[in-house]
Amino acid sequence: MKRIPPAIIILGQNSQPIAKKISAHFPGSQIYGLIDRTNDTDINFSNFGETLRELFATETPIIAICAAGIIIRTLAPLLSDKRAEPPVLAVAEDGSAVVPLLGGLHGVNDLAREIAAALGVQPAITTTGDIRFRTALLSPPQGYYLANPEDAKTFISNLLAGAKVRLEGAASWLSESNLPIAPDAKLTIRVTEKAIAPTPDCLVYHPQIVAFALTNLSNIEPEIAVSWVQQVLENAGLAAASVAGFFALKDEMGNPALEAVSQYFKVPVRFLNLSELVELDSIEFMENKAAQIALTAAGANSQLIEYDRTNAANCAIALAAQPFDARAIGISRGKLAIVGTGPGGAPWMSPEVKEILREATDWVGYKFYLDLAGTLREGQKRHDSDNREEIDRARFALDLAASGKSVAVVSSGDPGIFAMAAAVFEAIDFDAKPEWQGIDIRVAPGISAMQAAAAAIGAPLGHDFCVISLSDILKPWEVIEQRIAAAAAADLVMAFYNPISKQRIWQLGRAIDILLQSRDAKTPVILGRNLGRPGQSVRVCTLGEFKPQDADMRTLVIVGSSQTRIIPRKYGDVWVYTPRRYQK
């Protein structure tokens, strides 16, 4: 089962080094910092209690780098059901102590061990069962699922009081522990993939050894697929918790039925190539791709126990010799996110964009924009390219995602405004490569340069406006002239991207001439340069004063409408805004 990335809470800048060290160990984790006391964090907060309680209520694991007492006092009113408690730990500011506080049923002690190992210290585990028996019955290791945690507390209490236990089934973490194992004991621990009803005197652990293969899903609805998988498991007498993963061929990637099954059972779906499948000797199974897939996923010494070829889709189940991590087999569904970092660095990025960048395996983009995106975490790869290679960059990113990678295509500003989102969809539209169809594609918006320029000077985009690029590389200049004239006649505020470059030096002057034919020379013009970056400047002039040499490729130009107004400020600066009401 997928673990929710933890939230790492810090109250002061001195905790930042330890927080970053812990965060590097948990991909997808976010550092929460107290506003005005911390910087360079993923999320800022002003109220410690509200933030901690909100994270706890959403069952997010919490690693708080602060005193344990403040955590206990904050969360005490919420403590009612230990089965719903996420892991909560306190870590000393210098990393010298790791103390698990809550979440024994959800692996808090294992989490403490991981953090302590990363920091090079010993975790302060006080759970009596863990100490005496050298194992955690409440939170079994990865690959095992405890079916009846509600019985575990009494069960462990009986063991601590001197009762012995009988072990049925094989699991080295149990047989090699200090549990008081005896063949005639009244208490039982059973390790089985079978769906059995637990009892208070019997703890049942399901090993994740089931490889469930699915093929030919194109004509089956997601809800039907889920019900069918449930029925197949029931017919085979298998516990759903024993399913390590669902497996299919790569041409099924993106199939809604597979996605629904994976989400319902909360286990991954992985994809294999035909060339990867094991060859079967049995004539009965030789043409059964589902059987080949299941046995390939389950590995050596696996056993095929169930297959169904009578439904609209085909399936097969194989049992592995040991629990296995499905994520190590085949590839996942590829992901491609086109993100906008905003015009500047980290402060301009949305939490969504930051999360995507943290979780991505690969970053793709123009070098300057990748620099704005920040530093890579361990294991991530960066792929730089020239700024004029948008379509080739899009194709490269799509091919990466099709290979199972999680790719972030990085644009500055908003990726859907004269940026990489359109290039990606253009590549998909015109190349039409079948392997791209299964990719999970999303666009994560960012703050555009025009929004940043407008916000820096007031609200010039407060009424109707339009956006025009003066670059004639991808469209004829005649079209650009027509649009400028039409927008001027419509009395729209205009934001101009790509106003000028070394190769394009006359177009801005021509645009100014067109505007002056229908717009007053006193119309306000805003020039925003290096927005959100070192050397940012925002200047206001009139259309009559505006000269082409006032702008460059790093300048965003906003030309006001007949309604746009300038408000002088006390010490010489101005505000510029366009009223919401239009008056002729």
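Quick caveat, the model's predicted, so the values are computed rather than measured. In this chain, numbering begins with 1 at the start of the sequence shown.
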Quiz prompt | Shortest non-hydrogen contact from Ile65 toward Glu93 | solution = CG2-CA, 3.7 Å
Quiz item: What is the distance from atom NZ of Lys354 to atom CE of Met349, rounded to the nearest 0.5 Å?
Solution: 7.0 Å
Quiz prompt | Gly340 backbone acceptor or donor facing Asp414 side chain under 3.5 Å | solution = no
Quiz item: Side chain of Thr41, backbone of Asn44: donor and acceptor closer than 3.5 Å?
Solution: no
Quiz prompt | Short side-chain donor-acceptor distance under 3.5 Å, Ser29 and Ser23 | solution = yes
Quiz item: If you measure from OG1 on Thr564 to CG on Asp520, what distance do you get to the nearest 0.5 Å?
Solution: 11.5 Å
Quiz prompt | Asp550 bridged to Lys547 by N-O distance under 4.0 Å | solution = no
Quiz item: When you check the side-chain N and O atoms of Gln16 and Asp40, is any donor under 3.5 Å from an acceptor?
Solution: no
Practice problem: Starting from the C-alpha separation in whole Å, work towards a yes-or-no answer on side-chain contact (heavy atoms from CB on, under 4.5 Å) for Ile9 and Ile63. | Solution: CA-CA 6 Å; Ile9 315 294; Ile63 303 169; over 6 Å; no
Exercise. Take Arg382 and Asp371 through the test salt bridge (Lys or Arg N to Asp or Glu O under 4.0 Å) and record every step on the way to the result.
Key: CA-CA 10 Å; Arg382 170 174 160 156; Asp371 289 342; 2.8 Å; yes
Quiz item: For the residue pair Glu252 and Leu217, what are the closest heavy atoms and their distance?
Solution: OE2-N, 3.3 Å
Quiz item: Do Asn498 and Ser501 have a side chain donor and acceptor closer than 3.5 Å?
Solution: no
Quiz item: Is a side-chain donor-acceptor pair under 3.5 Å present for Arg393 with Ser385?
Solution: yes
Quiz item: Is the closest side-chain donor-acceptor distance between Ser469 and Ser471 under 3.5 Å?
Solution: no
Practice problem: Flag the pair Ile566 / Trp575 as yes when at least one side-chain heavy-atom distance between them is below 4.5 Å, and no otherwise. | Solution: no
Quiz item: Between the side chain of Glu54 and the main-chain N/O of Thr51, is any donor-acceptor distance below 3.5 Å?
Solution: no
Quiz item: Quick one: are Ile441 and Leu398 in side-chain contact, heavy atoms under 4.5 Å?
Solution: yes
Exercise. Kindly confirm or rule out a cation-pi arrangement of Arg73 over Phe48, judged by NZ or CZ under 6.0 Å from the six-membered ring centre and within 45° of its axis?
Key: no
Practice problem: Work out which heavy atom in Trp348 is nearest to a heavy atom in Gly342; give both atom names and the distance. | Solution: CB-CA, 4.2 Å
Self-check item: Polar contact flag, side-chain donor to acceptor under 3.5 angstrom, Asp464-Tyr582
Solution: no
Practice problem: Working to the nearest 0.5 Å, report the span between NZ of Lys20 and CD1 of Ile10. | Solution: 9.0 Å
Self-check item: Heavy-atom neighbours of Arg565 CZ exceed 12 at 6.0 Å
Solution: no
Exercise. Scan Tyr369, Tyr366, Trp363, Phe396 and name whichever one has a ring-ring contact (aromatic ring centres under 6.0 Å, His included) with His383.
Key: Phe396
Quiz item: Any Lys/Arg nitrogen of Arg483 or Glu478 sitting under 4.0 Å from an Asp/Glu carboxylate oxygen of the other?
Solution: no
Exercise. Could you tell me whether Glu221 atom CD has more than 12 heavy atoms of other residues or ligands within 6.0 Å of it?
Key: no
Quiz item: For the atom pair CZ (Arg510) and CG (Asp513), what is the distance rounded to the nearest 0.5 Å?
Solution: 6.0 Å
Quiz item: Gln13 and Asn39: side-chain donor and acceptor closer than 3.5 Å?
Solution: yes
Self-check item: Donor-acceptor contact present, side-chain Thr523 to main-chain Arg519, <3.5 Å
Solution: no
Self-check item: Sidechain-backbone polar pair: Gln380 side chain, Arg358 backbone, donor-acceptor under 3.5 Å
Solution: yes
Exercise. Indicate yes or no: does Glu359 engage Lys335 in a salt bridge with an N to O separation below 4.0 Å.
Key: no
Exercise. Please round to the nearest 0.5 Å and tell me the distance separating atom OG1 of Thr38 and atom CD1 of Ile43.
Key: 11.5 Å
Practice problem: Output the distance between atom OG1 (Thr555) and atom CZ (Arg539), rounded to the nearest 0.5 Å. | Solution: 9.5 Å
Practice problem: Would you indicate whether the side-chain heavy atoms of Val88 and Pro61 approach each other to under 4.5 Å? | Solution: no
Quiz item: Hey, are Trp436 and Asp431 close enough side-chain-wise for a donor-acceptor pair under 3.5 Å?
Solution: no
Quiz prompt | Residue pair Arg554, Asp552: steps toward the salt bridge (Lys or Arg N to Asp or Glu O under 4.0 Å) verdict | solution = CA-CA 5 Å; Arg554 295 189 180 182; Asp552 60 17; over 6 Å; no
Quiz item: Within the distance-only criterion (no hydrogens, no angle test), does the side chain of Asn530 pair as donor or acceptor with the backbone N or O of Gln536 below 3.5 angstrom?
Solution: no
Quiz item: Is it true that a side-chain atom of Ser262 and a backbone atom of Leu258 form a donor plus acceptor pair closer than 3.5 Å?
Solution: no
Quiz prompt | Donor-acceptor contact present, side-chain Arg270 to main-chain Gly330, <3.5 Å | solution = yes
